[in-house]
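Have a look at the structure below, then the notes.
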Amino acid sequence: MIDIKLLNRDFDGVTQMLKRRNVDTQLLEELRSVHQVFKAVKQELESAQATQNEKSKLFGQYMKEKKDITELKAEVEANKLLITQKQELTRLEEEKLNTILTSIPNIPDEDVPVGEDEDENVEIKKVLEPKSFSFTPKEHWELAENGWIDFERGVKVAKSRFSVISGMGAKIERALVNFMLDFNAERGFGEVSVPVITNRASLMGTGQLPKFEEDLYKIEGEELYLIPTGEVPVTNLFQDEIIPLNELPIKMTAFTQCFRKEAGSAGRDTRGIIRQHQFPKVELVSITSAQQSDKVFQEMVECASDMLEALGLPYRQMQLCTGDMGFSAARTIDLEVWLPGQATYREISSISNTREVQARRAKIRYKDGKKNLLVHTLNGSSLAVGRTMVAIMENYQNENGSIDIPEVLKPYIK
RNA sequence: GGAGAAGUGGGUGAGUUGGCUGAAACCACAUCCCUGCUAAGGAUGCGUACCCUCACGGGUACCGAGAGUUCGAAUCUCUUCUUCUCCUCCA
């Protein structure tokens, strides 16, 4: 949700910035005019309410002084009607306002490259040379014949895009989670364990709702949803709070399962566990002041990057262009890991600074002296665990189909 | 799941025969004064959001949430959520 005051103050500037994300200028014009109408109507409402308060006070006086109240009563009654009308009007305008407001994506940072889609993302750097194989490297689902991943049984107990990890695969998955959490802890990210089901308010707070409902699993009969990412519960931990400045930045890490319907992804990545309805992920979330946010963003990018390096997985950093960024993000850096089986880099982490956008929705503020300011919220995967396992399988495979285990994971595997 | 009790500002906690209470008091906190030594005393300020105003200042809403009764509700009614206690149940 963008800052409506900023839009009013600098309409052309905001319009320019949002144009880079293909937001229709006309929509912004409409937003501005709806806001004007809303303010006007609300003011009329408030002045009618002020009258009502005044007259009601008089009423008490008259009663005490035993004065005649029939005239006053008539006035007050008429005014009451007016209030009801204005209330209805105000409600309608506010609804319109919110509908537009919640449908506008975040303003990209000025230095974010403009582009249509992922083809125009900009590579920042490549780290670690993909190793060359003396044989044709297999894809992870072929390697999974070693028993690490059981696709059929996943489908049996649930449906397609679910799988079962077993044996050494399961041990590695668990080792990865522990390794990641420890790694993050060392860099100052405090561990939290949170609900994987959240309410509507939380999903509104981080921007998944109202626009992306079709990709969420909803609990039948309740206003509850399975989380599509740990970002939702962790960020919303501070929903509606005012945090003292000296407690910032708050840096957290959490391991959760994530659930996505993958609506609109039919036919993509149908083999393997790259795209599942349920997947484990270790998440990083930070809550910072405006001044801290760039620095912490960098720390998060480094944290995830160094983790890949520690695991010995070749990757590249990509700066997403305006067209490829998520709805709430002002800037995003994706980490893409090298998959020898596919001979391509695939997303394994995505780190975003949403600036004030989520904070405004979730009402997360901090107190700087006497002022209450919106925090900046940042989130990023500290690697998707499933995809990390895929990367390990493919990068550490031997010709006979066996898979070596990265050094850093060995202490975690008994 | 069943039966009771309760939900007020950062905290404790008044207010529940409806109007003068957005809300006493105390604590905490902030600034200033006094004092002078590791403590104390005094003054003032101290919720959130939106709107009007260059500013001083003013308006509206909010006493868990939503709806209702009323000229007027923190105070009455209904719904709902949460917490606590007692059962029941359970990893």
Side-chain angles (χ1 to χ4, degrees), chain A residues 1-9 31-102 193-205 209 218-219 221-225 233 236-248 250 256-257 287 356-375:
Chain A
M1 180 150 63
I2 62 162
D3 185 358
I4 184 86
K5 284 184 194 164
L6 179 67
L7 182 80
N8 286 329
R9 215 179 321 125
L31 176 60
R32 182 163 64 166
S33 76
V34 169
H35 187 229
Q36 291 308 323
V37 174
F38 167 71
K39 279 205 295 195
V41 175
K42 184 154 186 199
Q43 231 170 94
E44 287 168 26
L45 203 215
E46 288 186 355
S47 82
Q49 283 171 322
T51 308
Q52 193 76 349
N53 287 341
E54 226 171 278
K55 297 245 159 106
S56 289
K57 244 172 216 169
L58 269 183
F59 209 96
Q61 265 179 39
Y62 279 31
M63 297 278 275
K64 215 175 271 173
E65 296 165 13
K66 303 226 169 14
K67 285 207 223 165
D68 183 37
I69 54 166
T70 46
E71 197 178 322
L72 184 61
K73 188 157 184 168
E75 280 174 35
V76 135
E77 217 105 281
N79 193 52
K80 202 176 168 185
L81 221 71
L82 185 69
I83 289 180
T84 316
Q85 283 172 10
K86 297 291 179 195
Q87 261 170 348
E88 183 57 16
L89 254 176
T90 308
R91 201 186 57 74
L92 283 173
E93 289 304 321
E94 186 164 27
E95 217 174 88
K96 263 198 239 170
L97 187 67
N98 281 332
T99 305
I100 303 175
L101 224 38
T102 51
S193 177
V194 294
V196 294
I197 295 177
T198 64
N199 56 31
R200 242 189 120 72
S202 293
L203 287 151
M204 291 289 283
L209 288 178
K218 186 170 190 218
I219 309 284
E222 305 202 56
E223 284 294 291
L224 294 170
Y225 301 78
N236 279 290
L237 251 25
F238 294 90
Q239 189 188 118
D240 213 12
E241 292 193 25
I242 300 173
I243 305 165
L245 177 60
N246 60 32
E247 288 177 23
L248 298 179
I250 298 170
T256 68
Q257 296 285 345
I287 295 182
E356 292 182 349
V357 154
Q358 290 181 332
R360 184 170 294 110
R361 289 171 153 239
K363 298 193 181 66
I364 310 175
R365 290 152 293 173
Y366 67 100
K367 202 170 258 306
D368 187 0
K370 280 198 76 90
K371 280 182 303 192
N372 294 324
L373 303 169
L374 292 167
V375 299

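Of all the heavy atoms in A:N236 and A:S202, the pair that sits closest is ND2-O, 2.8 Å. Of all heavy-atom pairs spanning A:V41 and A:T90, the tightest one is CG1-OG1, 3.3 Å.
B:C26 and B:U35 have their C1' atoms separated by 25 Å, with the value rounded to a whole Å. Distance noted for atom C1' between B:C32 and B:C46: 15 Å (whole Å). Taking atom C1' in both B:U82 and B:C76, the straight-line distance is 23 Å, to the nearest Å. Distance check on atom C1': B:G15 versus B:C86 gives 30 Å, rounded to whole Å. Rounded to whole Å, the P atom of B:A61 lies 12 Å from the corresponding atom of B:G72. Across the C1' atoms, B:A5 and B:C90 are found 25 Å apart, a figure rounded to whole Å. Taking atom P in both B:A23 and B:U31, the straight-line distance is 25 Å, to the nearest Å. One C1' atom belongs to B:A74, the other to B:G64, and the distance between them is 12 Å to the nearest Å.
Using a 4.5 Å heavy-atom threshold, the side chains of A:Q358 and A:I364 count as separate.
Across all strands shown, B:A91 has no partner, as no Watson-Crick or G-U wobble contact with both distances under 3.5 Å is found. When Watson-Crick and G-U wobble pairs are counted only if both distances are under 3.5 Å, B:A43 pairs with B:U31. Base pairing of B:U77 is made with B:A67, judged by Watson-Crick or G-U wobble geometry with both donor-acceptor distances under 3.5 Å. For B:G36, there is no paired base (Watson-Crick or G-U wobble, both distances below 3.5 Å). Look at B:U60: its Watson-Crick or wobble partner, with both distances under 3.5 angstrom, is B:A49. Base pairing of B:U16 is not made with any nucleotide, judged by Watson-Crick or G-U wobble geometry with both donor-acceptor distances under 3.5 Å. Across all strands shown, B:G72 forms no Watson-Crick or G-U wobble pair with both distances under 3.5 Å. Partner assigned to B:A5 is B:U83, using Watson-Crick or G-U wobble distances below 3.5 angstrom.
The distance from atom CG of A:L209 to atom OG1 of A:T102, rounded to the nearest 0.5 Å, is 10.0 Å. In this structure, A:L82 CG and A:Q87 CD are separated by 10.0 Å, a value rounded to the nearest 0.5 Å. Separating the CG atom in A:L58 from the CG atom in A:L72 is a distance of 6.0 Å, to the nearest 0.5 Å. A:N79 CG to A:K86 NZ: the interatomic distance, rounded to the nearest 0.5 Å, is 11.0 Å. With rounding to the nearest 0.5 Å, the separation of OG1 in A:T99 from CD in A:E94 is 10.5 Å. Atoms CD and NZ, on A:E46 and A:K39 in that order, are 12.0 Å from each other to the nearest 0.5 Å.
Between A:L224 atom CG and B:U80 atom C1' the separation is 14 Å, expressed in whole Å. Atom pair A:E77:CD and B:C71:P shows a separation of 5 Å (rounding to whole Å applied). Taking atom CD on A:Q49 and atom C1' on B:C62, their separation rounds to 12 Å, with Å as the unit. Separating the CD atom of A:E54 from the P atom of B:G58 is a distance of 15 Å, rounded to the nearest angstrom. Atom CG in A:L58 sits roughly 13 Å away from atom C1' in B:C20 (whole-Å rounding). B:G72 atom P lies 17 Å from atom OH of A:Y62, rounded to whole Å. Going from atom CZ of A:F59 over to atom P of B:A73 covers 13 Å, rounded to whole Å. The CG-P distance, from A:D368 to B:A30, rounds to 15 Å in whole Å.
Nearer the 5' end of RNA chain B, as judged by each residue's closest nucleotide, is the contact made by A:S47, out of A:S47 and A:K80. Mapping A:A50 and A:G60 onto RNA chain B by nearest heavy atom places A:G60 closer to the 5' end of the strand.
Phosphate contact (OP1/OP2 of B:C71, side-chain N/O of A:K55, threshold under 4.0 Å): absent. Residue A:N79 places none of its side-chain N or O atoms closer than 4.0 Å to OP1 or OP2 of B:C71.
Residue contacts for A:E75: at a heavy-atom cut-off of 4.0 Å it reaches no nucleic acid atom on any strand shown. Residue contacts shown for A:K57 are absent, as no nucleic acid heavy atom lies under 4.0 Å away.
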Tell me, for nucleotides 45-52 of chain B in 5' to 3' order, what letter each nucleotide earns: B for a base near a protein heavy atom under 4.0 Å, S for only sugar-phosphate near one, - for neither?
---SSSSS
